[in-house]
Amino acid sequence: MIIRTDPLDVTPEEWDTTFDVNVRGTFLVTQAVGRRMLAADGGSIVTVTSLAGERVTKAAISYQASKAALIQLTRALAVHWAPSVRVNAVAPGYVRTDLNVAWLSDEENSGYVLGKTPLGRVGLPEDVAGAVRFLASPASSYVTGQNLRVDGGWSAL
């Protein structure tokens, strides 16, 4: 499937697929896990949102809108399931993965990302994993309903 970045080119099918994967899929998995955690009277859920859910980026508009919806879903679940289950999110900025390595290798795209990232580098998967570990651990026992940005400072600008 081709992801279109111009809002005028996005088809209803592309919009629906993006929301099905990012919002509906996450909700259904979280609902099933949440049900078990509530029955056990405890747990921690961490969803994966995106910088693009709070800041306009070069990502597809359907992606940006779906990640914004996921941020609000995370907050709503945190309120509904407290105090037994904590629900938080990690919002990565640009992170080098197999899916975007070619895009990030383009000089214009790389300059765009690095020019907006105070730490001066693209994120790594382990940067995101560390934030997920923190939110899932007892070290964050008083944290719920939060969207922890792991973006190299992009959102601070």
Side-chain angles (χ1 to χ4, degrees), residues 1-11 14-30 33-34 43-79 85-157:
M1 177 177 76
I2 296 171
I3 301 295
R4 299 179 194 347
T5 56
D6 185 333
L8 297 176
D9 294 334
V10 176
T11 66
E14 291 170 20
W15 184 270
D16 290 345
T17 297
T18 303
F19 269 78
D20 282 350
V21 170
N22 291 341
V23 184
R24 187 174 193 266
T26 301
F27 172 71
L28 294 174
V29 169
T30 302
V33 171
S44 176
I45 296 171
V46 182
T47 63
V48 180
T49 62
S50 173
L51 166 69
E54 294 186 316
R55 299 289 193 275
V56 175
T57 68
K58 286 189 174 184
I61 195 161
S62 56
Y63 177 83
Q64 294 180 66
S66 71
K67 291 300 186 169
L70 188 51
I71 291 167
Q72 188 62 13
L73 173 64
T74 299
R75 291 176 181 140
L77 292 173
V79 170
V85 177
R86 295 181 305 106
V87 185
N88 291 290
V90 170
Y94 283 89
V95 174
R96 188 176 307 283
T97 67
D98 291 343
L99 291 175
N100 67 12
V101 69
W103 188 87
L104 287 169
S105 295
D106 177 86
E107 192 174 310
E108 181 181 334
N109 295 334
S110 177
Y112 165 73
V113 172
L114 296 178
K116 292 182 172 276
T117 308
L119 288 184
R121 68 176 178 87
V122 174
L124 301 172
E126 49 267 30
D127 296 322
V128 179
V132 171
R133 261 191 311 279
F134 166 70
L135 289 173
S137 79
S140 64
S141 65
Y142 196 58
V143 179
T144 197
Q146 300 304 304
N147 186 44
L148 178 59
R149 295 179 209 110
V150 182
D151 64 3
W154 181 308
S155 57
L157 296 176

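FYI, side chains are in, hydrogens and waters are out, and symmetry mates aren't considered; it's all heavy atoms of this structure.
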Point to revise | side chain to side chain donor-acceptor pair (under 3.5 Å), paired with Asn147, selected from Asn88, Thr47, Thr49 | key: Thr49
Exercise for review: Using modelled atom types only, decide if a donor and an acceptor are shared between the side chain of Ser140 and the backbone of Phe134 within a distance under 3.5 Å.
Suggested key: yes
**Study point:** Sidechain-backbone polar pair: Arg86 side chain, Val143 backbone, donor-acceptor under 3.5 Å
**Key:** yes
Exercise for review: For Ser66 and Thr18, test the side chains for any donor-to-acceptor distance below 3.5 angstrom and give the result as yes or no.
Suggested key: no
Check your understanding: Do Asp151 and Ser155 have side-chain atoms, one donor and one acceptor, less than 3.5 Å apart?
Key -> yes
Closest heavy-atom pair and its distance - [X], [Y]:
{"X": "Val90", "Y": "Leu135", "answer": "CG2-CD1, 3.7 Å"}
{"X": "Val128", "Y": "Val95", "answer": "CG2-CG2, 3.8 Å"}
{"X": "Phe19", "Y": "Ala65", "answer": "CZ-C, 3.6 Å"}
{"X": "Ala52", "Y": "Ala59", "answer": "CB-CB, 4.3 Å"}

Check your understanding: Please, which pairs that meet salt bridge (charged side-chain N to carboxylate O under 4.0 Å, His left out) have at least one residue in residues 95-113, sequence neighbours excluded?
Key -> Lys58-Glu108
Exercise for review: Hey, could you give me each pair passing salt bridge (charged side-chain N to carboxylate O under 4.0 Å, His left out) that has a residue in residues 17-29? Not counting sequence neighbours.
Suggested key: none
Study note, to complete from the structure: Residue set satisfying side chain to side chain donor-acceptor pair (under 3.5 Å) with Thr26, at least two apart, ordered chain then number -> none
Exercise for review: Please assess Ile45 against Leu77 for the test side chain to side chain contact (heavy atoms under 4.5 Å, CB included), listing each intermediate value before the final yes or no.
Suggested key: CA-CA 10 Å; Ile45 296 171; Leu77 292 173; over 6 Å; no
Within-4.5 Å side-chain heavy-atom neighbours: [X] and [Y]:
{"X": "Asn109", "Y": "Leu104", "result": "no"}
{"X": "Leu51", "Y": "Pro92", "result": "no"}
{"X": "Gln64", "Y": "Thr57", "result": "yes"}

Exercise for review: Look up atom CD1 in Ile61 and atom CG in Asp9, then write down how far apart they are to the nearest 0.5 Å.
Suggested key: 11.5 Å
**Study point:** Between CG on residue Asn22 and CG on residue Leu70, distance to nearest 0.5 Å
**Key:** 7.0 Å
Review point. With a 6.0 Å cut-off on ring centres, are Tyr94 and Trp103 close enough?
Key: yes
**Study point:** Tyr112: partners by ring-ring contact (aromatic ring centres under 6.0 Å, His included), with sequence neighbours left out
**Key:** Trp154
Point to revise | For Arg149, all residues meeting salt bridge (charged side-chain N to carboxylate O under 4.0 Å, His left out), sequence neighbours excluded | key: Glu54
Study note, to complete from the structure: Here the side-chain hydrogen bond (donor to acceptor under 3.5 Å, both in side chains) pairs for residues 115-137, sequence neighbours left out, are Arg121-Asp127
